[in-house]
Amino acid sequence: VCAVCKKPCHKAICDDCCRNITHITPPICGVCGSPGHENICLECSGSFVPFKRAVSALRYECVAKEAIHAFKFGGKKDLASFFGQILYRFLLSSDMDIKDVSAIVPVPLSPQRRKERGFNQSEEVAAELSKLISITIWPDLLIKIKDTKPQFKLGRADRLVNEIGA
């Protein structure tokens, strides 16, 4: 059964739904990965960003958003492979040099949120990607020490503030 439209199929997400996912393509911001920017977007150039580079393979809209919600909140752990494959293909087609990557570090969940979901979706996708590109995963490098508001309910500025000290 398709995780998005619920039609019978033999994949995590059916072909019809897959065709309606918008993949991010260059040009993208060299820091946050947002599409439509040749170098660095205004938001990244005008503010402190606590990481070297982030990437997004999909636009967070429509089918992709529903699939991510099914994965994170609907217990559809089998979608980790689907998202790992998409991220893998994105990285292969990007200008990133995977040889420069030392490790994959998934974003941790608070113990409460991990208990609610039963797994850490970031860790599951990182594990899938690790298998595909043969790069070590360090799932315990970061530890979430403070429970925070769910990020998807917040705008960019609030998301950055929300994670301070977490």
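Residue indices begin at 1 and follow the sequence shown.
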**Student:** What is the minimum heavy-atom distance between Glu124 and Ala80, and which atoms define it?
**Tutor:**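 Closest pair (atom of Glu124, atom of Ala80, distance): CB-CB, 3.6 Å.
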**Student:** Which ring-ring contact (aromatic ring centres under 6.0 Å, His included) pairs, counting each pair once, include a residue from residues 130-151, with sequence neighbours left out?
**Tutor:**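 Checked against ring-ring contact (aromatic ring centres under 6.0 Å, His included) - neighbours excluded - no pair reaches residues 130-151.
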**Student:** Verify the neighbour count for atom NZ of Lys65: are there more than 12 heavy atoms of other residues, nucleotides or ligands below 6.0 Å?
**Tutor:**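 Atom NZ in Lys65 is not packed in, count stays at 12 or less.
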**Student:** Please tabulate, for side-chain N and O atoms in residues 7-26, each donor-acceptor pair with protein atoms closer than 3.5 Å (sequence neighbours left out).
**Tutor:**
from	atom 1	to	atom 2	distance (Å)
Lys11	NZ	Asp15	OD1	2.4
Asp16	OD1	Arg19	NH2	2.3
Asn20	ND2	Asp16	O	3.0
Thr22	OG1	Glu61	OE2	3.2

**Student:** NZ of Lys146: more than 12 outside heavy atoms within 6.0 angstrom?
**Tutor:**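 Result for NZ/Lys146: enclosed.
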**Student:** Hey, does Arg114 have a side-chain heavy atom less than 4.5 Å from the side chain of Asn120?
**Tutor:**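 Counting from C-beta outward, Asn120 and Arg114 do come under 4.5 Å.
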**Student:** In a table with atom names and distances, give each donor-acceptor pair under 3.5 Å that connects a side chain of residues 66-76 to protein atoms at least two apart or in another chain.
**Tutor:**
from	atom 1	to	atom 2	distance (Å)
His69	NE2	Tyr60	OH	2.6

**Student:** Without swapping roles, check the side chain of Ser93 against the backbone of Phe90 for a donor-acceptor pair under 3.5 Å.
**Tutor:**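 Yes; at least one donor-acceptor contact below 3.5 Å.
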**Student:** Would you call His37 and Pro27 a side-chain contact if the rule is heavy atoms closer than 4.5 Å?
**Tutor:**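 Not touching, per the 4.5 Å side-chain cut-off.
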**Student:** Side-chain heavy atoms under 4.5 angstrom apart, residues restricted to Ile, Leu, Val, Met, Phe, Trp, Tyr: same cluster for Val105 and Val31?
**Tutor:**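 Shared cluster, no.
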**Student:** Is it the case that the side chain of Ser130 and the backbone of Ile135 share a donor-acceptor pair, with hydrogens and angles ignored and the cut-off at 3.5 Å?
**Tutor:**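 Confirmed, Ser130 side chain pairs with Ile135 backbone.
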**Student:** Closest heavy-atom contact between Ile137 and Ala127?
**Tutor:**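 Heavy atoms only, the tightest pair is CD1-N, 3.5 Å.
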**Student:** What is the minimum heavy-atom distance between Leu142 and Pro106, and which atoms define it?
**Tutor:**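 Scanning both residues, the minimum pair turns out to be CD1-O, 4.2 Å.
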**Student:** Of all heavy-atom pairs between Cys2 and Cys5, which one has the smallest distance, and what is that distance?
**Tutor:**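 Shortest heavy-atom contact: SG-N, 3.4 Å.
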**Student:** Take Leu92 and Ile98 through the test side-chain contact (heavy atoms from CB on, under 4.5 Å) and record every step on the way to the result.
**Tutor:** CA-CA 8 Å; Leu92 289 180; Ile98 296 175; 4.3 Å; yes
**Student:** Measuring from atom OG of Ser110 to atom CD of Glu116, what distance do you get when rounded to the nearest 0.5 angstrom?
**Tutor:**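 Those atoms lie 7.0 Å apart.
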**Student:** Is Val101 reachable from Ile28 through a run of hydrophobic residues whose side-chain heavy atoms are each under 4.5 Å from the next?
**Tutor:**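 Result: yes, single cluster for both.
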**Student:** Determine whether Ile104 and Leu109 fall in the same hydrophobic cluster, where Ile, Leu, Val, Met, Phe, Trp and Tyr are linked whenever their side-chain heavy atoms lie under 4.5 Å apart.
**Tutor:**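 No, Ile104 and Leu109 fall in different hydrophobic clusters.
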**Student:** Can you tell me how far the OG atom of Ser34 sits from the CD atom of Glu43, to the nearest 0.5 Å?
**Tutor:**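 Ser34 atom OG to Glu43 atom CD measures 7.5 Å (nearest 0.5 Å).
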**Student:** Rounded to the nearest 0.5 Å, what separates atom NZ in Lys77 from atom CD in Gln121?
**Tutor:**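 So the gap between those two atoms works out to 11.5 Å.
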**Student:** Taking all non-hydrogen atoms of both residues, which atom of Arg59 and which atom of Ala64 are closest, and how far apart?
**Tutor:**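 What the structure gives for the nearest pair is O-CB, 3.3 Å.
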**Student:** Between CD1 of Ile86 and CG of Leu79, what distance do you get to the nearest 0.5 Å?
**Tutor:**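 Rounded to the nearest 0.5 Å, the CD1-CG separation comes to 9.5 Å.
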**Student:** Less than 4.5 Å apart, side chain to side chain, heavy atoms only: is that true for Phe83 and Leu129?
**Tutor:**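 No, their side chains stay 4.5 Å or more apart.
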**Student:** Heavy atoms only: give me the nearest Val1-Lys6 pair and the separation to one decimal.
**Tutor:**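 Nearest heavy atoms, Val1 then Lys6: CG1-O, 3.4 Å.
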**Student:** Verify side-chain contact (heavy atoms from CB on, under 4.5 Å) between Leu87 and Leu132, making sure each step is shown before the conclusion.
**Tutor:** CA-CA 10 Å; Leu87 192 52; Leu132 294 167; over 6 Å; no
**Student:** Are Val55 and Val107 in one and the same hydrophobic cluster, where Ile, Leu, Val, Met, Phe, Trp and Tyr link if side-chain heavy atoms are under 4.5 Å apart?
**Tutor:**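 Different hydrophobic clusters.
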